[in-house]
Amino acid sequence: MKKLLLSLAVIGATFIGASAQAQFAKPEDAIKYRKSAFTLMAAHNGRLGAMAQGRVPFDAKTATENAEIVADIAKLPWAAFVDGTDSGDTKAKSDIWKDNAKFKDYAGKLQAESVKLVAAAKSGNQDAFKTAFGATAGSCKTCHDDFRAK
Ligand code: ASC
């Protein structure tokens, strides 16, 4: 039984690995995918920023909806930074692949901060929301400063 479970786990892991590899037929597909994710993220983050900066009145429900979308999208772009996609229609710096641990760390930071942002939006506390938005946007900026070409 143990052996069977182990075999299933190995098959499962192989399958997941294979499907992740096969996700993009061409390098430009991976680039298009991650840029699309960032475009959507920026749109929803922009709505949150407007509230954080007081250009639009704070509304917990709208903020929560947008923060949830940001937190979901924050899971997506990273798998599309596949080898061989540091050139083409992209601002991604080759440092992403040279210091991949740092890049992954930044990606994890954004995901963690955006989850906190959802909680802060839900709480209805505007100050908590502003603080959490600042941390989320800050994690975007840190990564852009190091890994995105101007
Ligand atoms: C956005 C967006 C970015 C980040 C960045 C945060 O909405 O398009 O690039 O947030 O401005 O500092």
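In each ligand, atom 1 is the first atom listed, and ligand 1 is the first ligand listed.
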Open item on the list: Would you call the rings of Phe58 and Phe129 parallel, tilted or perpendicular, taking 30° and 60° as the class edges?
Closed with: tilted
- [ ] Answer yes when Lys61 and Glu65 have at least one side-chain N-carboxylate O distance shorter than 4.0 Å, and no when they do not.
- [x] yes
- [ ] Enumerate the protein residues lying less than 4.0 Å from ligand 1, judged by heavy-atom distances, in chain and residue-number order.
- [x] Ala42, Asn45, Ala137, Cys140, Lys141, His144
Task: Set of residues satisfying side chain to side chain donor-acceptor pair (under 3.5 Å) with respect to Ser94, sequence neighbours excluded - done: Lys98
Open item on the list: Test: salt bridge (charged side-chain N to carboxylate O under 4.0 Å, His left out). Region: residues 132-143. Which pairs qualify, not counting sequence neighbours?
Closed with: Lys141-Asp145
- [ ] Return each pair, listed once, that meets salt bridge (charged side-chain N to carboxylate O under 4.0 Å, His left out) where at least one residue sits in residues 123-132; pairs must be two or more places apart or across chains.
- [x] none
TODO: For residues Phe103 and Trp78, establish whether the separation of their ring centroids is below 6.0 Å.
DONE: yes
